[in-house]
Amino acid sequence: MEDERSFSDICGGRLALQRRYYSPSCREFCLSCPRLSLRSLTAVTCAVWLAAYGLFTLCENSMILSAAIFITLLGLLGYLHFVKIDQETLLIIDSLGIQMTSSYASGKESTTFIEMGKVKDVVINEAIYMQKVIYYLCILLEDPVEPHGISQVVPVFQVSTEQLSKVFSPKKICYLSPFSAFLLLLRFSRNVNSSCQDYLRTPDSYF
Amino acid sequence: MVLKAFFPTCCASADSGLLVGRWVPEQSSAVVLAVVHFPFIPLQVKELLAQVHQAGRVELAVLGTWCHRRQGAEESLGHFLEGLGTIFSHEPWLQLCREPGSKLWSCKATRRQVPPRRGAPYEDQVMLVFYDQRKVLLSQLHPPAALPDRQAGDAAPSAGGLAAVFDTVARSEALFRSDRFDDGPVRLSHWQSEGVEASILVELAKRASGPVCVLLTCLLSLVSAASACRLFKLWPLSLVWSKLSVCEQLRHRLEQLTLIFSTQKAENPTQLMRKANVLVSVLLDVALGLALLSWLRGKDRIGPLAEALVPVADHVAEELQHLLQWLMGAPAGLKMNRALDQVLGRFFLYHLHLWISYIHLMSPFIERILWHVGLSACLGLTVALSILSDIIALLTFHIYCFYVYGARLYCLKICGLSSLWRLFRGKKWNVLRQRVDSCSYDLDQLFIGTLLFTILVFLLPTTALYYLVFTLLRLLVVAVQGLMHLLVDLINSLPLYSLGLRLCRPYRLAAGVKFRVLEHEAGRPLRLLMQINPLPYGRVVHTYRLPSYGCHPTHSWGSLCRKLFFGELIYPWRQRGDKQD
């Protein structure tokens with residue numbers, strides 16, 4: 001079973017979400033963003049090279065031109081290999097774990113598998129990005145030493161929240177909006193393991 | 001909970017038989033380790049499992065049956081296999097079946113004791129997870145999960161999650177010792193059933209390593225006893241030893257060799273890896289040293305090098321002389337205090353003259369010294385580099401002296417100025433209370449203080465200029481030495497063996513696992529392929545980095561600048577207690 005929907009990311013770009021149901025106990029969510037377009041690539045390359053030519057006419061040193069070529073090549077390689085994510089896959093296997101795979105434009109794949117036993121909870125985070133409030137899904141990992149603590153907050157999809165994953169370390173979680181922070185605090189203090197929606201439905205009883 | 005059956009890929013083409021493995025009830029997963037083929041006697045199978053249990057302390061059982069249907073195979077086998085469940089009772093009883101088309105698998109798990117609905121045996125949902133037995137056996141999970149209880153010999157491994165699977169496979173190594181050429185009572189199919197993996201060279205090396213280690217340990221203990229001799233601990237010598245980086249490096253090397261050739265067996269994989277890393281780094285170091293030696297010897301480069309060294313030192317001294325003469329005039333158009341300038345300049349010039357004569361006195365012996373230094377390269381490149389760093393330190397001793405004189409003078413002036421500035425404002429430093437108090441001074445005191453303050457302020461630029469120039473020179477030398485120490489540190493601490501292992505056998509160092517969903521058909525159990533997720537290079541280096549004696553920078557850039565500004569001596573002087581005015 002497979003269905004596809006399209007969304008837009010925080011910058012307004014198009015994202016396609018594919019859902020595959022392999023079996024009742026195994027599902028896959030696949031978020032793919034548009035590939036690197038030839039237009040933007042040409043624009044960036046032309047901009048760098050024109051700037052290099054401008055400098056070259058000023059100082060008449062041919063080193064600048066070769067440096068520009070190298071910078072473009074290395075920058076492109078680095079961008080494709082470390083920055084540009086083409087597809088992110090979330091594979092959820094019942095009683096086994098959650099696997100997150102990001103495939104980069106260069107073909108590099110980085111996979112993280114989180115065992116079900118280490119997942120403390122799955123929460124929706126609210127964050128302020130530039131001038132708007134965005135929401136994103138993240139997984140809270142259990143601290144192996146302290147049973148009530150969390151050791152890490154793992155954002156699930158990085159395509160839309162690439163900057164945010166750096167901004168939001170576990171220490172900064174209290175900078176969330178009051179409701180979310182309250183929600184999280186409540187979860188940790190009472191160690192209630194029900195889904196997020198329970199709180200959302202009846203927030204009055206807790207406030 | 002879905003029942004997970006971990007099935008080794010090497011058994012996928014095995015003939016029909018019994019599934020042997022471990023049942024982990026907490027996670028409702030069955031780890032299949034091997035397939036027992038027909039014909040067998042049930043009692044002998046149970047005996048074999050008991051033996052493996054004794055060897056590895058892991059509870060093994062017959063989990064179910066494995067049926068591999070080939071083209072034109074008889075149908076009656078299915079009924080026979082179902083009947084086996086009564087002999088080897090296990091909850092739940094797995095029935096794994098592979099159809100003639102290689103992609104069709106079926107799997108049933110039946111429970112008898114669970115209260116059945118309307119009398120029918122209760123069936124679980126099953127998920128098939130294929131794993132590469134060899135890789136899982138050889139890989140080492142990071143961070144290590146259940147190592148301590150393995151030595152303690154606990155009956156049940158306490159590792160949770162997937163670590164339990166890894167642990168089970170690692171513990172039942174005894175099961176994999178027999179191949180199909182053995183005449184054992186039970187025929188098994190597992191990763192080594194086509195032939196046990198072994199190497200004659202490895203076995204020989206294992207045999208030889210014992211006596212070699214004992215011999216070398218004796219030699220090393222002799223060397224360390226000699227180095228611990230009381231003669232070397234007399235006053236001037238001990239100071240010299242502590243200042244020379246060669247001695248540090250040699251001590252470190254001795255420790256490394258003692259670790260490698262210690263006759264104690266490595267207790268856990270981490271220690272084993274550390275030993276291997278140290279061995280590889282020593283070997284690489286010595287190989288690089290020998291390459292350097294052969295390069296030096298090849299075309300007799302030591303002679304020209306020694307001949308070039310004295311002129312270079314002369315040249316440096318000459319340049320310094322020019323610099324001093326420039327400072328004694330009007331450097332960069334600045335007008336200095338002439339008398340102080342001349343005094344300082346002459347003092348430094350005389351010092352430089354002493355230094356040049358010392359170098360000339362040394363010049364006949366330099367070639368021989370270099371020859372011996374070149375010989376030391378066979379102890380390793382790091383030793384040669386340390387010696388080079390020491391030689392640089394000795395050859396630039398005059399720069400160091402200049403720096404110390406300049407810094408002391410400058411520090412004196414800064415201290416004087418700061419205390420007189422307090423006097424100027426009617427305050428003083430209270431030593432007992434460690435704070436600045438206000439104080440009423442006499443007129444004479446104020447007069448003298450102000451006078452002295454003025455004199456110091458006007459003399460400060462001259463001293464500061466000398467201090468600045470020599471500090472820059474000193475920093476240059478320290479930077480060159482620092483680069484050498486960094487290189488030595490790199491060779492000493494880089495875990496080359498682990499990096500090589502990560503490069504050539506990525507599955508050996510596992511950060512975890514990853515799953516791939518195999519082709520799926522409705523109505524059939526889900527099939528997953530479990531692969532090893534290798535450890536990233538950064539974490540390999542971080543986990544297995546060898547400790548090095550290296551003097552890590554004790555102060556940050558900010559404190560360094562502060563020290564430089566106040567004229568306190570930087571490297572290599574130890575920091576004494578905070579100075580008080």
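Only this structure's heavy atoms are used, side chains among them; waters, hydrogens and symmetry mates stay out. Every chain is numbered from 1 and lettered A, B, ... according to where its sequence line falls, protein lines coming before strand lines.
Only the side chain of B:Val517 comes within contact range of chain A, with heavy atoms under 4.5 Å apart. Interface remark: B:Lys4 contributes side-chain atoms only to the contact with chain A (heavy atom separation under 4.5 Å).
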A:Glu109/A:Tyr104 under side-chain hydrogen bond (donor to acceptor under 3.5 Å, both in side chains): CA gap, chis, key distance, verdict: CA-CA 6 Å; A:Glu109 274 197 355; A:Tyr104 291 83; over 6 Å; no

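In the model, A:Ser40 has a side-chain atom that pairs as donor or acceptor with a side-chain atom of A:Ser37 under 3.5 Å.
Taking the salt bridge (charged side-chain N to carboxylate O under 4.0 Å, His left out) definition, one finds that B:Arg502 meets it with nothing, sequence neighbours left out. Qualifying side-chain contact (heavy atoms from CB on, under 4.5 Å) partners for B:Cys97, counting only residues two or more places apart in sequence or in other chains: B:Cys67, B:Arg69, B:Glu99, B:Ser106.
Chain B forms more heavy-atom pairs under 4.5 Å with one residue of A:Thr101, A:Ile93, A:Thr112 than with any other, namely A:Ile93.
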